[in-house]
**Student:** 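So that we are looking at the same thing, I have put the structure below in structure tokens.
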Amino acid sequence: MTVGVLALQGGFEAHAKALERLGATPREVRTPADLEGLDALIIPGGESTTITLGVEREGLAEPLARFARSGKPLLGTCAGMIMLDRDHLGVLDIGVRRNAFGRQLASFEAELTFDGHPVHAIFIRAPWIEDVGDGVEVLAEVDGHPVAVRDGNVLAVAFHPELGDDLSVHEWLVDRVHAA
């Protein structure tokens, strides 16, 4: 199983290590050609403006959206969730507020119920979802704000699952590949 990790900026190396722990082979994605032959894809956290500039520079917007429409599993974390919203790649019908929980000093950790299971979540300059469109399922909230959503094969979370020991979010991705 080969899982791509968008490697233009942000926490792509930590995602690669989490995937390796689950027996998947990670591949850094920097160009459209790097998407060929992938079983799944992760768009990691980082700085969404910088990631957007890299996506535009490399001509990745349409190939990433096409990958999402292919039915293969796709995970966006933190800035990756922002990239999937209707104002960026348009993959998910959600409106996202950047840095909604505050600046770096307001970072926090929380125990969430995620898709019916406990998850330890690390929030760093995290966004939250302000508007959820039809067909988008809210999987977790913090203080009444959605922080994890799913629409079919696409999962988006406002936290950083790659930074902790809890592999359940990455397991979701790997399980979806196995189920296909």
Side-chain angles (χ1 to χ4, degrees), residues 2-20 24 26-70 72-107 121-133 136 140 145-164 169-170 172-173:
T2 304
V3 179
V5 183
L6 189 65
L8 299 176
Q9 192 267 336
F12 58 91
E13 291 173 340
H15 280 288
K17 289 177 183 172
L19 291 166
E20 288 172 342
R27 179 194 305 161
E28 293 182 2
V29 173
R30 291 188 173 90
T31 68
D34 296 333
L35 293 167
E36 296 298 319
L38 294 179
D39 297 303
L41 178 66
I42 297 173
I43 301 177
E47 207 292 308
S48 60
T49 301
T50 303
I51 295 170
T52 298
L53 292 171
V55 164
E56 290 172 1
R57 180 186 66 240
E58 299 301 330
L60 275 161
E62 180 52 35
L64 289 170
R66 192 169 41 249
F67 187 94
R69 290 190 303 266
S70 76
K72 293 180 181 180
L74 174 60
L75 167 64
T77 65
C78 199
M81 180 174 80
I82 295 168
M83 295 302 300
L84 295 172
D85 78 4
R86 61 175 80 101
D87 292 332
H88 291 82
L89 294 173
V91 169
L92 287 173
D93 187 13
I94 58 174
V96 177
R97 181 174 168 196
R98 294 174 54 180
N99 301 322
F101 289 102
R103 296 189 157 295
Q104 191 82 18
L105 291 175
S107 299
I122 301 168
F123 292 84
I124 302 170
R125 294 179 53 215
W128 68 45
I129 299 166
E130 292 188 310
D131 180 51
V132 178
V136 178
H145 301 286
V147 294
V149 295
R150 176 177 55 210
D151 186 359
N153 63 307
V154 180
L155 174 65
V157 300
F159 52 92
H160 289 272
E162 75 281 8
L163 296 180
V169 174
H170 291 91
W172 175 90
L173 192 75

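Values below: every heavy atom of this structure, side chains too, minus hydrogens, waters and symmetry copies. Throughout, residue positions are numbered sequentially from 1 according to the sequence presented.
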**Student:** Output yes when a side-chain donor or acceptor of K72 lies under 3.5 Å from a complementary backbone atom of L38, and no otherwise.
**Tutor:** yes

**Student:** Show the nearest heavy-atom pair for residues P161 and H15, with the distance to one decimal.
**Tutor:** CG-CE1, 4.4 Å

**Student:** I would like to know whether K17 and E13 meet salt bridge (charged side-chain N to carboxylate O under 4.0 Å, His left out); could you show each step before the answer?
**Tutor:** CA-CA 6 Å; K17 289 177 183 172; E13 291 173 340; 6.0 Å; no

**Student:** Check step by step if side-chain contact (heavy atoms from CB on, under 4.5 Å) holds for V96 and R86.
**Tutor:** CA-CA 9 Å; V96 177; R86 61 175 80 101; over 6 Å; no

**Student:** Atom CG in L64, atom CG in L74: separation rounded to 0.5 Å?
**Tutor:** 8.0 Å

**Student:** Return the CG to CE distance between L6 and M83, rounded to the nearest 0.5 Å.
**Tutor:** 7.5 Å

**Student:** With heavy-atom distances below 4.5 Å as the criterion, would you say the side chains of L35 and L41 are in contact?
**Tutor:** yes

**Student:** To the nearest 0.5 Å, what is the distance between OG (S48) and CG (D87)?
**Tutor:** 11.0 Å

**Student:** Taking side chain as C-beta onward, heavy atoms only, is I43 less than 4.5 Å from L89?
**Tutor:** yes

**Student:** Grab the two heavy atoms, one from R98 and one from P127, that are nearest each other, plus how far apart they are.
**Tutor:** CA-CB, 4.2 Å

**Student:** What's the separation between atom CD1 in I51 and atom CG in L60, rounded to the nearest 0.5 Å?
**Tutor:** 11.5 Å

**Student:** As a quick check of understanding, evaluate side-chain contact (heavy atoms from CB on, under 4.5 Å) for D93 and D151, giving each step before the final call.
**Tutor:** CA-CA 9 Å; D93 187 13; D151 186 359; 5.7 Å; no

**Student:** Determine the sole option in E47, H88, R57 for which the side chain to side chain contact (heavy atoms under 4.5 Å, CB included) test with T52 is passed.
**Tutor:** H88

**Student:** Would you give the length of the straight line joining atom CZ of R150 to atom CG of L75, rounded to the nearest 0.5 angstrom?
**Tutor:** 12.0 Å

**Student:** Where is the tightest heavy-atom contact between V5 and F12, given as atom of each residue plus distance?
**Tutor:** CG1-CB, 3.4 Å

**Student:** For H145, enumerate each residue passing the ring pair (Phe, Tyr, Trp, His ring centres under 6.0 Å) test, keeping only those at least two apart in sequence or located in another chain.
**Tutor:** W128

**Student:** Applying side-chain contact (heavy atoms from CB on, under 4.5 Å), run through L92 and V154 and close with a yes or a no.
**Tutor:** CA-CA 8 Å; L92 287 173; V154 180; 3.8 Å; yes

**Student:** Tell me if a side-chain donor or acceptor on N153 pairs with a main-chain N or O of A68 at a distance below 3.5 Å.
**Tutor:** yes

**Student:** For the residue pair L173 and P73, what are the closest heavy atoms and their distance?
**Tutor:** CD1-CB, 3.5 Å

**Student:** Quick check: closest heavy atoms across L84 and L155, and the distance to 0.1 Å?
**Tutor:** CD1-O, 4.3 Å

**Student:** My understanding is that only residues two or more places apart in sequence, or in another chain, count here; which of them pass salt bridge (Lys or Arg N to Asp or Glu O under 4.0 Å) with R97?
**Tutor:** none

**Student:** Can you tell me how far apart CD (Q9) and OG1 (T50) are? Round to the nearest 0.5 Å.
**Tutor:** 5.0 Å

**Student:** Donor-acceptor pair, D39 side chain versus T2 backbone, under 3.5 Å?
**Tutor:** yes

**Student:** Is I94 close to E130 at the side-chain level, that is, under 4.5 Å between some pair of heavy atoms?
**Tutor:** no

**Student:** Does the T77 side chain pair with the main chain of G45, one donor and one acceptor, at a distance under 3.5 Å?
**Tutor:** yes

**Student:** May I ask you to decide whether R27 forms a salt bridge with E36, counting only side-chain N to carboxylate O separations under 4.0 Å?
**Tutor:** no

**Student:** Less than 4.5 Å apart, side chain to side chain, heavy atoms only: is that true for S107 and I124?
**Tutor:** yes

**Student:** H170 and L19: which non-hydrogen atoms are nearest, and at how many Å?
**Tutor:** CD2-CD2, 4.3 Å

